[in-house]
Amino acid sequence: YTFFYKTRNPFSNWHPAYFKDEDEVEYYCSEQYMMYKKAMLFGDNETALEILESNDPREQKALGRKVKNFDSAIWEANAKQIVYDACRLKFTQNHSMLKALLATEGTLLVEASPYDKVWGVGLGEDDPRIKDPKNWKGTNWLGEVLTKLREDLINEL
């Protein structure tokens, strides 16, 4: 396993990593991309613009929670692909981060967030229970996405 958590880690969606999308929109971090695309998915252009104007991932996340017309079923059907797209842009446009991602080859990436049970596993890195997936309290969506991205990039390279 490769456990990660906190903004200082390049695998975190909150880690500063400037990148641009196909429309040349610049993002400060993958969290910003994720929340912007979430707002756009539900047609909330006003919140989308607020998200783009913020360089604070905590604020971006808070704005993402206020997206109008939000439907959890639609979000769950689209969220992983949106985060995959964000991470692909982030890692392919930031060489040192790409190198770090590729260096995890052979491991499952695991977001060791004791607070997040969707994108993380609901356990911290220092919790001995984290070493056994049977103990995980979360789905590890971010770890799944990053592991798939890494494998896709290795196959492309």
Side-chain angles (χ1 to χ4, degrees), residues 2-94 97-98 100-101 104 108-125 127 130 133 135-153 155-156:
T2 298
F3 299 110
F4 66 92
Y5 182 59
K6 303 214 180 189
T7 304
R8 72 178 177 275
N9 189 297
F11 306 135
S12 167
N13 279 336
W14 288 26
H15 186 80
Y18 290 99
F19 60 89
K20 291 182 181 179
D21 68 11
E22 62 283 350
D23 297 321
E24 294 297 310
V25 175
E26 187 172 65
Y27 300 90
Y28 168 78
C29 61
S30 46
E31 184 76 19
Q32 185 179 37
Y33 180 100
M34 179 170 112
M35 292 302 134
Y36 172 74
K37 293 293 184 177
K38 179 181 183 181
M40 294 303 289
L41 181 64
F42 296 103
D44 187 349
N45 296 338
E46 184 181 318
T47 302
L49 287 174
E50 286 182 63
I51 291 165
L52 281 183
E53 290 170 359
S54 171
N55 278 344
D56 177 3
R58 185 176 312 281
E59 182 182 16
Q60 294 157 4
K61 185 173 186 166
L63 287 165
R65 286 189 171 137
K66 295 178 180 177
V67 168
K68 294 172 192 73
N69 305 312
F70 177 77
D71 180 316
S72 61
I74 293 170
W75 177 241
E76 286 175 23
N78 289 276
K80 282 192 208 177
Q81 184 62 51
I82 288 170
V83 172
Y84 179 93
D85 294 344
C87 291
R88 177 176 266 286
L89 292 167
K90 168 184 170 175
F91 286 99
T92 58
Q93 294 179 38
N94 290 278
M97 290 180 206
L98 175 61
L101 180 63
T104 68
L108 173 67
L109 287 124
V110 179
E111 187 181 26
S113 169
Y115 312 106
D116 192 334
K117 293 181 181 173
V118 176
W119 296 98
V121 295
L123 296 170
E125 289 178 87
D127 189 321
I130 201 168
N135 296 323
W136 294 354
K137 300 168 188 279
T139 58
N140 192 38
W141 278 7
L142 182 55
E144 254 181 56
V145 164
L146 289 171
T147 301
K148 179 181 180 348
L149 174 63
R150 181 198 62 218
E151 295 309 306
D152 290 348
L153 291 171
N155 289 330
E156 290 168 22

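Because the structure is a prediction, the values reported are computed rather than measured.
With hydrogens and angles disregarded, no donor-acceptor distance shorter than 3.5 Å links the side chain of Asn13 to the backbone of Cys29. Listed for the Glu111 side chain is no donor-acceptor partner under 3.5 Å among the backbone atoms of Trp141. Judged by distance alone, the side chain of Asn155 and the main-chain N or O of Glu151 form a donor-acceptor pair under 3.5 Å. Side-chain N or O atoms of Lys38 include none that pairs as donor or acceptor with a backbone N or O of Phe70 at under 3.5 Å. A distance-only check finds a donor-acceptor pair linking the side chain of Trp136 to the backbone of Ile130 [under 3.5 Å]. Remark: the backbone N or O of Cys87 is not paired with any side-chain donor or acceptor of Ser30 at under 3.5 angstrom. The closest donor-acceptor contact from the side chain of Asp44 to the backbone of Val67 lies at 3.5 Å or more, if one exists at all. In this structure, the side chain of Thr139 engages the main chain of Val118 through a donor-acceptor pair within 3.5 Å. Between the side chain of Ser54 and the backbone N or O of Ile51 there is no donor-acceptor pair closer than 3.5 Å.
Thr104 and Leu101 make their closest contact through OG1-O, 2.6 Å (heavy atoms, listed as atom of the first residue, atom of the second, distance). Heavy atoms only, all atoms of each residue included: Phe91 and Pro10 are closest at CZ-O, 3.6 Å. Taking all atoms of both residues into account, the shortest heavy-atom contact from Thr147 to Leu109 is OG1-N, 3.0 Å. When all heavy atoms of Lys117 and Gly122 are compared, the pair lying nearest together is CG-CA, 4.1 Å. Closest of all the heavy-atom pairs between Gly124 and Pro114 is N-CB, 3.9 Å. Taking each heavy atom of Pro16 and Tyr28 in turn, the nearest pair found is CG-OH, 3.4 Å.
Separating the CD atom in Gln93 from the CG atom in Leu98 is a distance of 11.5 Å, to the nearest 0.5 Å. Here the OH-CG distance, from Tyr84 to Leu89, works out to 10.5 Å after rounding to the nearest 0.5 Å. How far CH2 of Trp119 is from CD of Glu144: 9.0 Å, rounded to the nearest 0.5 Å. Rounding to the nearest 0.5 Å places OH of Tyr5 at 12.0 Å from CG of Leu123. The CG atom of Leu49 lies 8.0 Å from the CE atom of Met40; values are rounded to the nearest 0.5 Å. Going from atom CD of Glu59 over to atom CD of Glu53 covers 9.5 Å, rounded to the nearest 0.5 Å.
No side-chain heavy atom of Tyr33 sits less than 4.5 Å from a side-chain heavy atom of Val25. For the pair His15 and Lys90, the minimum side-chain heavy-atom distance is below 4.5 Å. Side-chain contact between Thr47 and Phe42 is absent, with no heavy atoms from C-beta onward closer than 4.5 Å. Residues Gln60 and Tyr27 are not in side-chain contact: their nearest non-hydrogen atoms beyond the backbone lie 4.5 Å or more apart. Residues Lys68 and Glu46 meet the side-chain proximity criterion, which asks for heavy atoms closer than 4.5 Å.
Ion pairing of Glu156 with Arg88 is present here, as a side-chain N (NZ or NE/NH1/NH2) and a carboxylate O approach within less than 4.0 Å.
Using cut-offs of 30° and 60° for the angle between ring planes, the Phe4 and Phe11 rings count as perpendicular.
The residue from Glu31, Lys37, Gln32 that alone fulfils the side chain to side chain contact (heavy atoms under 4.5 Å, CB included) condition with Met34 is Glu31.
Defined by atom type and a distance below 3.5 Å, a donor-acceptor pair is present between the side-chain atoms of Asp85 and Gln81.
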